[in-house]
Amino acid sequence: MVNGTGIHRLARAVAWELLSRGFNVYSTSDAEAHYQRTVVRDLRNADGKMALAVARALAKRKRVLFLNWGEPIIPPVEVKMDSGRFVDVEIILGDDYQQYFPEVVRLY
């Protein structure tokens with residue numbers, strides 16, 4: 001879990017939400033650059049299968065009058081091979097993080 005927003009401790013708050021959803025989160029950190037969009041990055045599979053599965057699990061649908069509407073909104077997927085890392089997938093939070101994690105309470 002990488003925080004690309006600059007919001008203090010956001011990665012930790014999102015990590016707690018992911019843990020409550022049943023995901024494994026091994027670490028949190030801050031990105032070196034600012035991200036406008038949340039990205040799911042596959043670090044182990046060249047075809048991006050693992051990242052796509054995680055991105056689909058994070059997908060949200062637009063709601064209109066308590067009904068799901070339209071196609072689900074899925075974060076973009078990237079492949080950046082890094083066999084030296086222990087994790088398969090890395091989530092980089094961008095400015096649109098609330099779209100995928102609306103329940104997150106910012107920790108200040």
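Every value quoted in this text rests on a predicted model; they were computed, and no experiment measured them.
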Are Val2 and Leu93 connected in a single hydrophobic cluster, I mean Ile/Leu/Val/Met/Phe/Trp/Tyr linked by side-chain heavy atoms less than 4.5 Å apart?
no
Write down the atom of Pro75, the atom of Ala55, and the distance for their closest heavy-atom approach.
CD-O, 3.6 Å
Which value, rounded to the nearest 0.5 Å, describes the distance between Arg41 atom CZ and Asp82 atom CG?
9.5 Å
Linked, directly or transitively: Ile92 and Phe101 (ILVMFWY side chains, under 4.5 Å)
no
Asp47 versus Val79, closest heavy-atom pair with distance
C-CG2, 4.5 Å
Output, in order, the C-alpha distance, side-chain angles, deciding distance and verdict of side chain to side chain contact (heavy atoms under 4.5 Å, CB included) for Ile91 and Val54.
CA-CA 9 Å; Ile91 300 172; Val54 171; 4.1 Å; yes
Check Thr5 against Gly94 and note the closest heavy-atom contact, atom names and distance.
CG2-O, 3.2 Å
same_hphob_cluster(Ile7, Val25) at 4.5 Å side-chain heavy-atom cutoff:
yes
Working to the nearest 0.5 angstrom, can you tell me the gap between Glu17 CD and Tyr100 OH?
14.0 Å
dist Leu58:CG -> Ile74:CD1 (nearest 0.5 Å) comes out at 9.5 Å
Within a strict 4.5 Å, meaning less than it, do heavy atoms of the Leu18 and Asn24 side chains meet?
no
Which is it for Val87 and Leu43 under the side chain to side chain contact (heavy atoms under 4.5 Å, CB included) test, yes or no, and what are the steps along the way?
CA-CA 7 Å; Val87 297; Leu43 303 174; 3.6 Å; yes
CE of Met81 to CG of Asp42: how many Å apart, nearest 0.5 Å?
7.5 Å
Drop me the distance from Met1's CE to Arg12's CZ, to the nearest 0.5 angstrom.
13.0 Å
To the nearest 0.5 Å, how far apart are CD in Gln98 and CG in Leu10?
8.5 Å
Starting from Leu19, can I reach Val89 by hopping between I/L/V/M/F/W/Y residues whose side chains sit under 4.5 Å apart?
yes
Please tell me whether Phe23 and Tyr97 are part of a single hydrophobic cluster in this structure, the criterion being side-chain heavy atoms less than 4.5 Å apart.
yes
Counting heavy atoms not belonging to Arg56, are there more than 12 under 6.0 Å from its CZ?
no
I'd like a table of donor-acceptor pairs (distance under 3.5 Å, sequence neighbours excluded) in which one partner is a side-chain atom from residues 26-37, with atom names and distances.
unit_1	atom_1	unit_2	atom_2	d
His34	NE2	Asp95	OD1	3.1
His34	NE2	Asp95	OD2	2.9

Heavy-atom neighbours of Met50 CE exceed 12 at 6.0 Å:
no
